[in-house]
Amino acid sequence: MGPVMTSTEQRKPINLPRLLDMHAKGEKIVMLTCYDATFAHLQDEAGVDVMLIGDSLGNVLHGAESTVAVSMDSMLYHTRSVARGNRNAWIVADLPFDSYHLSKEEAWRNAAQLFKLGAHMVKLEGGGWTNETVRFITERGIPVCGHLGFTPQTVVSLGGFKVQGRGDSGAALLKRHALELQEAGAQMLVLEMVPSAVAREVTEALSIPVIGIGAGVGCSGQVLVLHDMLGISHGRSPRFVRNFMEGSASIQQAVQRYVQDVRSGAFPDDAIHGFK
């Protein structure tokens with residue numbers, strides 16, 4: 001297999017109107033986590049639409065058991081690094097645990113720091129209580145991506161790595177929170193570890209892109225942790241992960257295959273990677 005490289009010279013920078021237009025046209029959006037300048041350049045060359053500077057860096061870079069220990073300083077450092085290596089992709093940076101919980105003003109200050117260093121959008125976890133914060137940040141000019149379903153920052157209160165949104169009440173709550181986040185001004189949503197049928201229903205109910213991770217092929221696009229899709233993470237891989245290094249001659253080709261398979265709808269396969 002020899003996919004054709006997408007040169008940074010051949011595509012225009014991805015912006016929010018372009019992402020919303022892709023969603024409206026049914027074009028799949030490709031997101032992948034990124035933490036440094038070298039991989040930012042590689043992903044940009046491979047045609048990744050959105051680079052997520054995820055607090056997953058706490059797990060894959062720092063060796064922590066959860067994302068809770070990730071600091072704002074770490075997020076700022078990695079945001080600056082990714083921005084330096086990127087040319088065309090849209091950059092989303094996570095607001096880490098305890099950086100947006102105390103007040104909407106605190107959330108704005110931390111979002112603004114990430115924005116100044118090159119992030120185009122910030123992501124925060126949770127529904128309901130986050131609506132006021134999302135509204136406060138977006139009204140002041142920084143786009144926000146919500147994150148529902150399994151939320152890694154609250155893994156302890158969720159009782160572990162469990163699928164969210166199951167059952168009538170769970171699905172209804174998830175959909176309500178998604179609609180509320182959209183109403184508050186969120187312009188993108190990540191759904192993690194949600195039954196495929198529920199995620200598809202939520203995606204169809206919203207006018208903003210929904211990016212899935214363990215949420216089925218019915219979402220507007222997909223995201224994986226870079227280290228997971230390269231098969232270099234420690235321990236057992238989650239059900240929703242596919243190792244794209246298998247059958248690839250290089251990391252570059254593995255990322256290109258990921259881009260192609262998300263765009264075509266070949267990944268994920270709900271029978272293999274999805275939840276019921």
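Because only heavy atoms are used, hydrogens play no part in the values below, and waters and symmetry mates are left out as well, while side chains stay in. Note that the structure is a prediction, hence the values are computed from the model and not measured.
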Please report the C-alpha distance between R242 and D261 in whole Å, then the side-chain angles of each, then the deciding distance to 0.1 Å, and finally whether the salt bridge (charged side-chain N to carboxylate O under 4.0 Å, His left out) criterion is met. CA-CA 11 Å; R242 175 180 157 195; D261 284 3; 2.7 Å; yes
Mind checking the CE-CG spacing from M75 to L95? Nearest 0.5 Å is all I need. 8.0 Å
I'd like to know if the side chain of R263 reaches the main chain of E27, judged simply by a donor and an acceptor atom lying under 3.5 Å from each other, with no hydrogens or angles considered. no
Just by modelled atom types, is the S81 backbone N or O under 3.5 Å from a matching donor or acceptor in the D36 side chain? no
Write down the atom of D270, the atom of G216, and the distance for their closest heavy-atom approach. OD1-CA, 3.1 Å
When hydrophobic residues are tied together by side-chain contacts of less than 4.5 Å, even through go-betweens, does L179 share a cluster with W129? yes
Within the supplied structure, the quantity of interest is the number of heavy atoms (other residues, nucleotides, ligands) at a distance under 6.0 Å from E105 CD; does it exceed 12? yes
Tell me whether Q43 contacts the main-chain N or O of T33 through its side chain, where contact means a donor paired with an acceptor under 3.5 Å. yes
With the side chain counted from C-beta on, respond yes when M188 and M31 share a heavy-atom pair under 4.5 Å apart, and no when they do not. yes
Is there a donor-acceptor pair under 3.5 Å between the side chain of R239 and the backbone N or O of G274? yes
Got a sec, which residues hit side chain to side chain donor-acceptor pair (under 3.5 Å) with S233, two or more places apart in sequence or on another chain? D228
Residue pair G247 / R257: nearest heavy atoms and the distance that separates them: C-NH1, 3.6 Å
H120 ring center within less than 6.0 Å of F115 ring center: no
Decide side chain to side chain contact (heavy atoms under 4.5 Å, CB included) for V50 and V30; before the verdict, give the C-alpha distance in whole Å, the side-chain angles of both, and the deciding distance to 0.1 Å. CA-CA 6 Å; V50 183; V30 182; over 6 Å; no
Heavy-atom check, side chain of V190 versus side chain of C145, under 4.5 Å: yes
Roughly how far, to the nearest 0.5 Å, is the CH2 atom of W108 from the OG atom of S103? 13.5 Å
Are L148 and L181 close enough, and set up right, to give a side chain to side chain contact (heavy atoms under 4.5 Å, CB included), and what steps lead you there? CA-CA 10 Å; L148 296 175; L181 283 169; 3.8 Å; yes
Would you say L230 and F39 make side-chain contact, with heavy atoms under 4.5 Å? yes
M193 side chain reached by P238 side chain, heavy atoms, under 4.5 Å: no
Without swapping roles, check the side chain of H78 against the backbone of Y35 for a donor-acceptor pair under 3.5 Å. yes
Is there a donor-acceptor contact under 3.5 Å from the side chain of D44 to the main chain of N88? yes
Should L32 and I14 be regarded as members of a common hydrophobic cluster, given that ILVMFWY residues are connected when their side-chain heavy atoms come within less than 4.5 Å of each other, either directly or indirectly? yes
Can a donor-acceptor pair be found, under 3.5 Å and without considering hydrogens, that links the side chain of S248 to the backbone of S250? no
In short, salt bridge (charged side-chain N to carboxylate O under 4.0 Å, His left out) pairs touching residues 115-134 with sequence neighbours left out are D94-K123, K104-E132
Which residues pass the ring pair (Phe, Tyr, Trp, His ring centres under 6.0 Å) test with H62, sequence neighbours left out? none
Ring pair (Phe, Tyr, Trp, His ring centres under 6.0 Å) contacts touching residues 168-190 (sequence neighbours left out): none
T154 and T151 side chains, donor-acceptor separation under 3.5 Å: yes
Take V155 and F161 through the side chain to side chain contact (heavy atoms under 4.5 Å, CB included) test and state the conclusion after the steps. CA-CA 7 Å; V155 62; F161 295 84; 4.0 Å; yes
Min side-chain heavy-atom separation H101-Q153 under 4.5 Å: yes
Taking NZ, NE, NH1 and NH2 as the nitrogens, is one of them in K25 or D21 under 4.0 Å from a carboxylate oxygen of the other? yes
Looking at Y77, does the NZ or CZ of R80 lie under 6.0 angstrom from its six-membered ring centre and within 45 degrees of the ring axis? no
Residues that Y258 engages under side chain to side chain donor-acceptor pair (under 3.5 Å), provided they are two or more places apart: none
Please name the pair of heavy atoms, one in G165 and one in V198, separated by the smallest distance, quoted to 0.1 Å. O-CG2, 3.7 Å
With a 4.5 Å cut-off on side-chain heavy atoms, are M22 and D49 touching? yes
Main chain of V70, side chain of S74: is a donor-acceptor contact present, judged purely on distance under 3.5 Å? no
Spell out, yes or no, whether F97 and V92 are grouped together once hydrophobic residues are joined by side-chain heavy atoms under 4.5 Å, including indirect joins. no
For the atom pair CD (E180) and CG (L173), what is the distance rounded to the nearest 0.5 Å? 8.5 Å
In Å, rounded to the nearest 0.5 Å, how long is the span from CE of M245 to CD1 of I251? 5.5 Å
To the closest 0.5 Å, what do you measure between SG (C34) and CG (L52)? 9.5 Å
I142 and L76: same hydrophobic cluster, using ILVMFWY side-chain contacts below 4.5 Å? yes
Say whether, by atom type as modelled, one donor and one acceptor occur between the side chain of N110 and the main chain of S99 under 3.5 angstrom. yes
Given V122 and L124, is the side chain to side chain contact (heavy atoms under 4.5 Å, CB included) satisfied, shown in steps? CA-CA 7 Å; V122 296; L124 51 78; 5.8 Å; no
If you take all heavy atoms of V134 and G185, which pair is closest and at what distance? CG1-C, 4.1 Å
Minimum side-chain heavy-atom gap F150-V163 below 4.5 Å: no
Between T67 and D55, which heavy-atom pair has the shortest distance, and what is it? CG2-O, 3.5 Å
Under 3.5 Å: donor-acceptor pair, side chain of E201, backbone of A197: no
Under 4.5 Å between side-chain heavy atoms, hopping through other hydrophobics if needed: is there a path connecting V217 to V202? no
Side chain proximity check, V241 to L224, heavy atoms < 4.5 angstrom: yes
Mind checking what makes side chain to side chain donor-acceptor pair (under 3.5 Å) contact with E106, not counting sequence neighbours? none
All heavy atoms of I29 vs all of L19, minimum pair found to be CD1-O, 3.8 Å
Once the angle between the rings of F267 and H273 is folded into 0 to 90°, is it parallel (under 30°), tilted (30 to 60°) or perpendicular (over 60°)? perpendicular
Hey, could you give me the CE/CH2 distance between M121 and W90, rounded to the nearest 0.5 Å? 5.5 Å
